[in-house]
Amino acid sequence: MKIVGTGLPRTGTNSLKVAIEQLIEAPCYHMYECIPRADEHAPQWTAIADGGATDWSFLDDFAAIVDWPGSAVWERLVADFPDAVVVHSVRDDAAQWWKSVDSTVGQAMRRALAEAPGSALPDMIRALIARVGWGTVDDPEAMMTQYDEHNRRVRATVEPERLVVINPRDGWAPLCAALGVPVPDEPYPRTNSTEDYEAAIRAAAQRDDQ
């Protein structure tokens with residue numbers, strides 16, 4: 001694993017995934033990679049989130065990881081891949097982050113919390129939520145406090161020479177500098193906005209109704 005992402009969901013992680021894949025020419029793991037592999041991968045993430053032993057061989061096809069599930073157990077990834085660059089993605093502030101979460105992935109988290117145990121993906125999401133200590137995704141003040149605390153712990157834990165903090169509005173420069181590669185002659189990726197996410201959910205609902 002060359003790159004470990006520690007940023008929470010909705011901090012530009014899908015754009016970061018696209019950017020990383022372009023720069024290192026290798027696949028980057030993200031929740032969007034986990035979902036189609038949920039039957040195989042989700043139970044392993046659940047076990048890791050619950051404190052089980054880490055066998056990362058199921059990620060052998062990937063050279064980087066960002067977003068959940070990985071950033072929910074970031075301490076273990078950072079420790080188990082000591083040579084990896086640690087990329088920490090952030091939003092401008094906690095309020096901006098919460099607004100994005102509440103209208104997008106927060107909906108999936110609420111559905112998972114409401115489901116009975118026994119389904120791989122919801123079980124994983126519940127385990128990740130427990131792992132990060134959220135308890136609920138319906139308390140904006142608590143969630144924003146957790147966001148700030150997560151960012152503080154990453155900065156306090158990861159050695160400065162390994163860590164690069166990425167805000168999507170900063171473009172290519174911080175990431176390319178950390179990886180020691182040239183800045184591409186094209187705009188930094190801008191993907192999976194709130195509008196994009198909502199459109200994808202509507203499309204999925206329409207497919208389920210057919």
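Given the structure is predicted, the values throughout are model-derived calculations rather than measurements.
Here the rule is side-chain hydrogen bond (donor to acceptor under 3.5 Å, both in side chains) with R37, and of E33, H41, E40 only E33 fits it.
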May I have the list of side-chain donor-acceptor pairs in residues 168-179 shorter than 3.5 Å, sequence neighbours left out?
unit_1	atom_1	unit_2	atom_2	d
R169	NE	D92	OD1	2.7
R169	NH2	D92	OD1	3.4
W172	NE1	E186	O	2.8

Can you give the donor-acceptor pairs under 3.5 Å from side chains of residues 126-134 to other protein atoms, not counting sequence neighbours?
unit_1	atom_1	unit_2	atom_2	d
R126	NH1	A112	O	2.6
R126	NH1	E115	O	3.1
R126	NH2	D123	OD1	2.1

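How far SG of C34 is from CZ of F58: 8.0 Å, rounded to the nearest 0.5 Å. The distance from the CZ atom of R10 to the CH2 atom of W98 is 13.0 Å, given to the nearest 0.5 Å. Note that CZ of F62 is 14.0 Å distant from CD1 of I3, once rounded to the nearest 0.5 Å.
Residues C28 and V66 have side chains in contact (heavy-atom distance under 4.5 Å, counting atoms from C-beta outward). You'll find the side chain of M1 reaches within 4.5 Å of the side chain of L59, heavy atoms only. H150 is listed as a side-chain neighbour of R153, based on a closest heavy-atom distance under 4.5 Å. Side-chain contact between V73 and P69 is absent, with no heavy atoms from C-beta onward closer than 4.5 Å. The shortest distance between side-chain heavy atoms of M124 and M31 falls below 4.5 Å. You'll find the side chain of N14 stays beyond 4.5 Å of the side chain of P189, heavy atoms only. With a 4.5 Å cut-off on side-chain heavy atoms, M109 and W68 count as touching.
Every residue meeting the side chain to side chain contact (heavy atoms under 4.5 Å, CB included) condition with T54, not counting sequence neighbours, appears here in chain and number order: I48, W56, R76, D80. N151 meets the side chain to side chain contact (heavy atoms under 4.5 Å, CB included) test with H88, V90, Y147, R155; sequence neighbours excluded. Under the side chain to side chain contact (heavy atoms under 4.5 Å, CB included) criterion, A26 pairs with I24, A63, sequence neighbours left out. For D55, the side chain to side chain contact (heavy atoms under 4.5 Å, CB included) partners two or more places apart in sequence, or in a different chain, are S57.
Looking at S71, its side chain does come within 3.5 Å of a backbone N or O of G7 through a donor-acceptor pair. With hydrogens and angles ignored, the 3.5 Å screen pairs no side-chain donor or acceptor of Q22 with any backbone N or O of V18. No side-chain donor-acceptor contact under 3.5 Å links S100 to the backbone of Q96. A donor-acceptor pair is defined here as one N or O able to donate and one able to accept, closer than 3.5 Å; no such pair exists between the side chain of R190 and the backbone of S15.
Both I35 and V101 sit in one connected hydrophobic cluster of ILVMFWY residues. Membership requires side-chain heavy atoms under 4.5 Å apart, directly or through other members. Residues L77 and V86 share a hydrophobic cluster, clusters being chains of Ile/Leu/Val/Met/Phe/Trp/Tyr side chains in contact below 4.5 Å. At a threshold of 4.5 Å between side-chain heavy atoms, the hydrophobic network of Ile, Leu, Val, Met, Phe, Trp and Tyr places L16 and L163 in two separate groups. I65 and V87 fall into different hydrophobic clusters, defined by Ile, Leu, Val, Met, Phe, Trp and Tyr side-chain heavy atoms under 4.5 Å apart, directly or through other members. A continuous path of hydrophobic side-chain contacts links V105 to L121 [ILVMFWY only; heavy atoms under 4.5 Å].
In E25, the CD atom is not crowded: 12 or fewer heavy atoms of neighbouring residues, nucleotides or ligands sit closer than 6.0 Å.
Looking at every heavy atom in both residues, V137 comes nearest to G106 through CG2-O, 4.1 Å. Across all their heavy atoms, L8 and T11 have their closest contact at O-OG1, 2.6 Å. Shown here for A38 and A120, the closest heavy-atom pair between the two residues is O-CB, 3.9 Å.
The pair D102-R110 meets the salt-bridge criterion, with a side-chain N (NZ, NE, NH1 or NH2) lying under 4.0 Å from an Asp/Glu carboxylate O.
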>> side-chain contact (heavy atoms from CB on, under 4.5 Å) for V78 and R162? Distances and angles first, verdict last.
In response: CA-CA 10 Å; V78 167; R162 291 184 68 189; 3.4 Å; yes
